[in-house]
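A quick write-up on the structure given underneath.
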2 protein chains.
Amino acid sequence: MSDERAAANARTRNRGIPDATVARLPIYLRALHTLADAGQRTVSSEELATVAGVNSAKLRKDLSHLGSYGTRGVGYDVAVLVDTISQALGLTQRWAVALVGVGNLGHALAGYAGFASRGFRIAALLDADPDRVGERLHGMVVRHIDELPAVVAEGSVSIGVIATPANAAQDVCDRLVAVGVTSILNFAPCVLSVPDNVDVRKVDLSIELQILSFHESRKAALTSLPSALSDDGEDEYDEAVGP
Amino acid sequence: MSDERAAANARTRNRGIPDATVARLPIYLRALHTLADAGQRTVSSEELATVAGVNSAKLRKDLSHLGSYGTRGVGYDVAVLVDTISQALGLTQRWAVALVGVGNLGHALAGYAGFASRGFRIAALLDADPDRVGERLHGMVVRHIDELPAVVAEGSVSIGVIATPANAAQDVCDRLVAVGVTSILNFAPCVLSVPDNVDVRKVDLSIELQILSFHESRKAALTSLPSALSDDGEDEYDEAVGP
DNA sequence: AGCCGCTTGTGAACGTTCGCACAAAGTCAA
DNA sequence: TTGACTTTGTGCGAACGTTCACAAGCGGCT
Ligand SMILES: NC(=O)c1ccc[n+]([C@@H]2O[C@H](COP(=O)([O-])OP(=O)(O)OC[C@H]3O[C@@H](n4cnc5c(N)ncnc54)[C@H](O)[C@@H]3O)[C@@H](O)[C@H]2O)c1
Ligand SMILES: NC(=O)c1ccc[n+]([C@@H]2O[C@H](COP(=O)([O-])OP(=O)(O)OC[C@H]3O[C@@H](n4cnc5c(N)ncnc54)[C@H](O)[C@@H]3O)[C@@H](O)[C@H]2O)c1
């Protein structure tokens with residue numbers, strides 16, 4: 001082994017699987033399910049990479065973090081890979097999710113089939129509005145946010161989804177954390193403050209649109225200006241392009 | 001097996017502002033709006049970084065890509081920074097957006113105030129279902145997807161949002177590209193294939209949940225293992241935004 | 001004016017991610 | 001068994017991103 005350095009390096013901050021890889025595993029899993037449904041038994045890294053929209057070397061390196069499950073000259077067994085990735089992502093168990101905020105977005109989320117088709121179960125719908133509490137929705141009854149402790153205890157909830165307005169999100173977040181939720185998915189456009197042991201991920205539509213806007217205006221500038229737009233970050237203070 | 005490396009390969013060209021920075025500019029912008037609403041005139045990198053949930057050195061480096069707009073010993077003028085970032089993101093113009101797929105999610109998106117409050121305008125709602133076409137929704141009428149060419153031409157639409165089922169997404173995407181849309185936000189859980197000049201961003205709820213699942217199961221494993229309490233969580237935490 | 005404390009802007013070190021290129025390891029046919 | 005062929009798994013350098021640390025610059029105070 002020439003892994004002295006690698007071992008020392010890994011020991012410094014060993015997380016096992018790189019973040020970038022973890023973020024892609026669900027994409028591979030989805031692609032594999034598609035292939036499995038089409039009856040395909042094995043798949044090469046080249047083919048799977050194409051379906052998943054990534055480079056094949058990257059795919060192989062990603063999978064190598066999970067172990068060595070391929071067969072050289074053949075490829076990967078689709079079923080084995082599905083199991084392996086599911087295992088790595090912790091999808092062998094069914095996670096219970098509490099959805100807080102049953103407004104416009106919350107209604108859509110509550111009925112989203114993609115929750116159940118992956119290993120997630122909506123354990124409860126919660127809202128603060130008395131008019132909403134008691135509403136029947138997709139076989140569930142909306143309960144009051146004050147019932148959160150009971151709901152979490154009953155359902156072994158460890159994941160919370162926040163779909164409230166931004167000004168309520170931190171309060172809801174604090175309540176979730178207080179009752180033991182350690183993973184939060186936040187749809188509200190705000191930064192949440194949580195303890196170190198709690199993971200937060202956010203989905204923000206308007207951030208995505210603004211990123212598209214950046215590229216779009218860059219493209220528009222390129223079509224009208226033939227010269228390359230180059231910024232050397234030196235002492236020149238060149239104002240950005242206008243519309 | 002035609003075009004797989006399309007997107008990743010094309011973005012090798014130097015763009016001036018790093019991708020990671022562009023992705024954070026909207027967060028800074030939101031934080032700045034909050035501060036401005038609270039009447040604050042200037043802000044230090046330390047304070048703004050705290051509100052935005054990032055490291056202050058990172059914030060300063062990000063802003064330095066836009067030019068030198070701070071005053072040493074004082075900080076940044078909030079209004080100037082809002083203008084500068086808005087300019088950089090191309091938000092000085094109002095982008096027209098076409099929303100395709102007015103189902104559960106589409107209904108929520110159509111009514112989303114966050115569209116308009118940033119510089120985006122929903123120019124049209126489109127669906128393929130004859131029963132949905134003609135429906136009035138938030139002051140707009142749902143039109144048939146076949147009217148897309150007319151809709152795009154009328155409204156100067158350059159951004160498309162796809163909220164159809166996954167099996168229709170590629171077809172809708174192709175139609176959007178065919179009529180000149182060059183930025184697409186995709187909510188369907190699938191990989192879209194587009195020409196090099198088209199940008200695609202995706203929002204995928206179930207990927208986010210699966211990433212949370214990974215960390216959650218990692219945490220569960222740690223509580224039963226006595227050794228090696230290394231830091232696992234790597235998230236954005238720190239302060240929240242104001243009222 | 002001169003000093004002092006504060007904050008920006010950035011060089012440099014470090015960490016992470018990417019993708020090429022290729023040896024190793026397998027299949028398959030004869 | 002051998003050899004042709006296919007595909008994995010990974011070493012490596014480059015590109016990208018993050019963080020530290022501090023000189024340079026600014027405002028205010030004496
Ligand atoms: N609608 C969209 O398409 C969309 C898209 C992206 C992001 N978002 C964000 O998602 C969030 C919800 O959006 P929406 O359109 O559903 O808003 P909404 O106003 O329709 O729904 C919000 C719901 O949260 C409930 N609520 C308020 N305070 C609460 C509290 N303290 N505890 C529990 N519930 C509480 C309200 O009673 C309401 O039912 C917002 O932050 C919005 O910015 C919405
Ligand atoms: N509902 C959610 O909370 C949620 C969350 C995340 C992702 N998604 C994804 O968003 C997409 C939409 O979800 P939904 O729950 O709104 O589904 P939905 O079935 O309620 O709505 C889909 C809409 O798309 C329309 N449509 C179908 N084919 C079309 C075509 N070729 N052209 C134009 N319109 C077409 C349908 O008529 C329907 O109105 C799905 O891909 C889903 O996986 C939904």
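Just so it is clear: chains get the letters A, B, ... in the order the sequence lines come, proteins before strands, and each one is counted from 1.
- What separates CG of A:L63 from C1' of D:dG9 is a distance of 10 Å, to the nearest Å.
- Among the protein residues, B:A57 comes within range of the nucleic acid bases, having at least one heavy atom under 4.0 Å from a base atom.
- Between B:K58 atom NZ and C:dT8 atom P the separation is 17 Å, expressed in whole Å.
- Spacing between atom CZ of A:R60 and atom P of D:dT10 amounts to 11 Å, rounded to whole angstrom units.
- In terms of phosphate contacts, B:S45 brings no side-chain nitrogen or oxygen within less than 4.0 Å of OP1 or OP2 of C:dT7.
- Counting distance only, with no hydrogens placed and no angle test, the side-chain atoms of A:R72 and the base atoms of D:dT8 include a donor-acceptor pair under 3.5 Å.
- When rounded to the nearest whole Å, the span between CG of B:L66 and P of C:dT10 equals 12 Å.
- Looking at A:S44, its side chain does come within 3.5 Å of a backbone N or O of A:E47 through a donor-acceptor pair.
- For the pair A:N55 and C:dC20, the criterion of a side-chain N or O lying under 4.0 Å from OP1 or OP2 is met.
- The distance from atom CG of B:L48 to atom P of C:dT7 is 14 Å, rounded to the nearest whole Å.
- Taking side-chain N and O atoms only, A:Y76 has no distance below 4.0 Å to OP1 or OP2 of D:dT6.
- Put simply, B:R24 has a side-chain N or O that comes within less than 4.0 Å of OP1 or OP2 on D:dT18.
- Residues A:T21 and A:V74 each lie close to DNA chain C; by heavy-atom proximity, the contact nearer the 5' end of the strand is made by A:T21.
- Distance, A:L59 CG to C:dC20 C1': 16 Å, rounded to whole Å.
- The separation between B:E47 atom CD and C:dC6 atom P is 15 Å, rounded to whole Å.
- A residue-by-residue look at A:D62 and A:T71 shows that A:D62 has its nearest nucleotide of DNA chain C further toward the 5' end.
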(request) Check the pair A:V200 / B:L212 against side chain to side chain contact (heavy atoms under 4.5 Å, CB included), numbers first and verdict last. (result) CA-CA 8 Å; A:V200 175; B:L212 286 176; over 6 Å; no

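- Partner of A:V97 under the side chain to side chain contact (heavy atoms under 4.5 Å, CB included) criterion, out of A:V157, A:V181, A:I159: A:I159 alone.
- Using a 4.5 Å cut-off on side-chain heavy atoms (C-beta onward), A:V203 and B:E208 make contact.
- With hydrogens and angles ignored, a donor-acceptor pair closer than 3.5 Å exists between the side chain of B:K61 and the base of D:dT19.
- In this structure, A:Q87 places its CD atom where only 12 or fewer heavy-atom neighbours from other residues, nucleotides or ligands lie under 6.0 Å away.
- Comparing the local axis fitted to the first five base pairs of the helix from C:dA1-D:dT30 to C:dA30-D:dT1 with the one fitted to its last five gives a bend of 10°, rounded to 10°.
- One atom, CD of A:E46, and another, C1' of C:dG19, lie 12 Å apart when rounded to the nearest Å.
- Remark: the backbone N or O of A:R30 is paired with a side-chain donor or acceptor of A:T34 at under 3.5 angstrom.
- Proximity of a side-chain donor or acceptor of A:Q210 to a complementary backbone N or O of A:S206 within less than 3.5 Å is detected.
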